[in-house]
Amino acid sequence: MTLPGADENVLLKVEAIKKYFPVRGGFFQRVRGRIKAVDGVDLEIQKGKTLGLVGESGCGKSTVARLILKLLEPDSGRILYNQKEITRLTERQMRPIRREMQIIFQDPMGALNPRMTVGSVLQEGLMVLGLENKKRRERVAQLLYLVGLPDEAARMYPHEFSGGQRQRIGIARALSVEPSLLVCDEPISALDVSIQAQIINLLKELQERLSLSYLFISHDLNVVGYLCDWCAVMYLGQVMEYGSTDMIFERHMHPYTKALLASVPAREPGKGLPIPLEGDVPSPLNPPPGCRFQGRCPMVEERCRKHEIDLHEAGECHLVRCWKV
Ligand SMILES: Nc1ncnc2c1ncn2[C@@H]1O[C@H](COP(=O)(O)OP(=O)(O)OP(=O)(O)O)[C@@H](O)[C@H]1O
Ligand SMILES: [Mg+2]
């Protein structure tokens, strides 16, 4: 895949990664089928930039995130971090790189130990960096300031905070080990709309201040349009369209992207009702041959049902996986 930008500007590159989950059944627990959760995905995250990953529920976004973070082993394909292949590194070899990539979850409570004060949670990360006591305390104060929490927060427990504040703690915890890449998997979907905007702005501010790269997974296309430089649209384990955010939002070509964007509620009232995407996402268990979107595509043709098509160039900074483009 060729997207612009010299390789030295690329922090993370994913090439043709696949992850199939076996489905077992019957008396002997034989493999009855495979869920093709991620089926040949290519992505690039540039230094200091944000790549948005969008698509309906179950299309494989979180699986891509877990593959990138090496929480899951891909069946095939390559992952390169700073131009170095990390696909098959051992746990020990991976350790210094693991620190560089942190994740922010939808529900930060799940990732925070309820019996530890916020100060101790943050200190844990700082111990990994080998900082001495005094330095650690200073750094905790700095981290809290960075994410907009008061000093007193260090002595409090996670349950004493609101949802938005907890997400700030989650972000501070991720930042404590000085990462280069933050994988944000639906970081705002559990929050109130007003709080969502604060967290998005915080992420934007932190990116500028600390030159962070983000993989931003979200259902909210408005937020993706605002925050992301690049955008990949996934459907049933594959990337259907990929390009600069402007290209995806203004000059998209794939019928799925069109349908997805048409289903976004208009920001200005009175500008029309969202058009729902018809039908459910089919199961990624043994998907049919040909294009994954064939069953819901208004432009479907015979060749779409028979033959798969690769992601191909459709213009500058723009890749599409469709027979008609
Ligand atoms: N450990 C697993 N074992 C079996 N199937 C899995 C596993 N993890 C994910 N899947 C399946 O893989 C597919 C992709 O799941 P994934 O969680 O990546 O989707 P997603 O795009 O993140 O969805 P959502 O928007 O709902 O978070 C789904 O069909 C899911 O059921
Ligand atoms: Mg998910």
Side-chain angles (χ1 to χ4, degrees), residues 1-19 38 40-53 60-105 124-131 139 143 146 170-185 187 203-218 224 227-232 234 239 242-245 311 317 319:
M1 189 190 60
T2 46
L3 275 177
D7 265 358
E8 61 264 28
N9 291 329
V10 175
L11 182 66
L12 187 118
K13 194 173 178 126
V14 162
E15 290 176 352
I17 43 162
K18 289 191 181 178
K19 184 71 195 176
V38 174
V41 164
D42 296 87
L43 295 173
E44 250 180 40
I45 304 173
Q46 293 175 354
K47 290 180 183 163
K49 303 277 184 211
T50 302
L51 169 68
L53 195 54
K61 304 179 297 293
S62 297
T63 308
V64 167
R66 281 153 72 204
L67 289 166
I68 285 177
L69 292 160
K70 299 262 296 158
L71 301 173
L72 273 178
E73 283 293 315
D75 298 337
S76 61
R78 301 201 312 158
I79 304 170
L80 292 101
Y81 186 78
N82 260 329
Q83 300 180 66
K84 180 175 175 238
E85 181 162 359
I86 60 165
T87 328
R88 308 272 163 224
L89 292 189
T90 60
E91 195 47 47
R92 196 194 161 100
Q93 290 167 323
M94 220 12 234
R95 217 168 284 157
I97 299 165
R98 223 175 252 302
R99 188 173 70 73
E100 298 255 326
M101 305 190 236
Q102 294 295 310
I103 185 159
I104 295 170
F105 297 101
E124 227 180 16
L126 297 169
M127 278 196 228
V128 178
L129 296 181
L131 294 184
R139 185 82 183 115
L143 282 166
L146 258 180
I171 295 171
R173 197 183 83 124
L175 293 180
S176 66
V177 289
E178 298 175 4
S180 306
L181 172 68
L182 286 191
V183 173
C184 310
D185 193 352
L203 286 172
K204 220 174 163 120
E205 217 180 279
L206 289 171
Q207 177 167 54
E208 275 161 29
R209 221 186 251 199
L210 307 171
S211 311
L212 295 165
S213 304
Y214 293 151
L215 173 66
F216 189 81
I217 299 175
S218 180
V224 169
L227 192 70
C228 301
D229 304 286
W230 295 88
C231 188
M234 270 187 90
V239 174
Y242 189 7
S244 62
T245 304
L311 205 55
C317 310
L319 301 170

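Quick note: residue numbers are just sequence positions, from 1.
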Which residues pass the salt bridge (charged side-chain N to carboxylate O under 4.0 Å, His left out) test with [X], sequence neighbours left out?
X	value
Lys61	none
Glu91	Arg98
Glu85	Arg78
Arg173	none

inquiry  = Between Lys47 and Leu11, is the side chain to side chain contact (heavy atoms under 4.5 Å, CB included) condition met? List the steps.
reply    = CA-CA 5 Å; Lys47 290 180 183 163; Leu11 182 66; 3.9 Å; yes
Distance (rounded to the nearest 0.5 Å) between [X] [atom1] and [Y] [atom2]:
X	Y	atom1	atom2	answer
Leu182	Leu215	CG	CG	10.0 Å
Leu67	Lys19	CG	NZ	7.0 Å
Lys84	Ile97	NZ	CD1	4.0 Å
Asp229	Ser244	CG	OG	9.5 Å
Ile45	Tyr81	CD1	OH	9.5 Å
Cys184	Gln102	SG	CD	11.0 Å

side-chain contact (heavy atoms from CB on, under 4.5 Å) with [X]: which residues, sequence neighbours excluded?
X	value
Arg88	Glu73
Ser62	Asp185
Phe105	Ile103, Ala111
Glu205	Arg209

Which atom pair, heavy atoms only, marks the closest approach of [X] to [Y]?
X	Y	result
Val224	Gly52	CG1-CA, 4.4 Å
Leu51	Cys231	CD1-N, 3.9 Å
Glu8	Gln83	CA-NE2, 3.5 Å
Thr245	Cys228	OG1-O, 2.7 Å
Val38	Gly60	CG2-O, 3.8 Å
Ala174	Ile104	CB-CG1, 4.2 Å

ask   = Would Leu203 and Leu212 satisfy side chain to side chain contact (heavy atoms under 4.5 Å, CB included), going step by step from the backbone distance to the final call?
value = CA-CA 9 Å; Leu203 286 172; Leu212 295 165; over 6 Å; no
ask   = Checking side chain to side chain contact (heavy atoms under 4.5 Å, CB included) for the pair Asp42/Leu319: CA distance, chi angles, key distance, verdict?
value = CA-CA 11 Å; Asp42 296 87; Leu319 301 170; over 6 Å; no
Side-chain touch [X]/[Y], heavy atoms, less than 4.5 angstrom:
X	Y	value
Lys49	Glu44	no
Met101	Val183	no
Ile68	Leu12	yes
Val41	Tyr242	no

Partners of [X] by side-chain hydrogen bond (donor to acceptor under 3.5 Å, both in side chains), sequence neighbours excluded?
X	value
Ser180	Glu100
Thr50	Gln207
Asp75	none
Glu178	none

query = Is the backbone N or O of Leu72 less than 3.5 Å from a side-chain atom of Arg66, with the two atoms forming a donor-acceptor pair by type?
reply =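 It does not hold such a pair.
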request  = Quick one: do Met234 and Leu53 satisfy side chain to side chain contact (heavy atoms under 4.5 Å, CB included)? Show the steps, please.
outcome  = CA-CA 7 Å; Met234 270 187 90; Leu53 195 54; 3.9 Å; yes
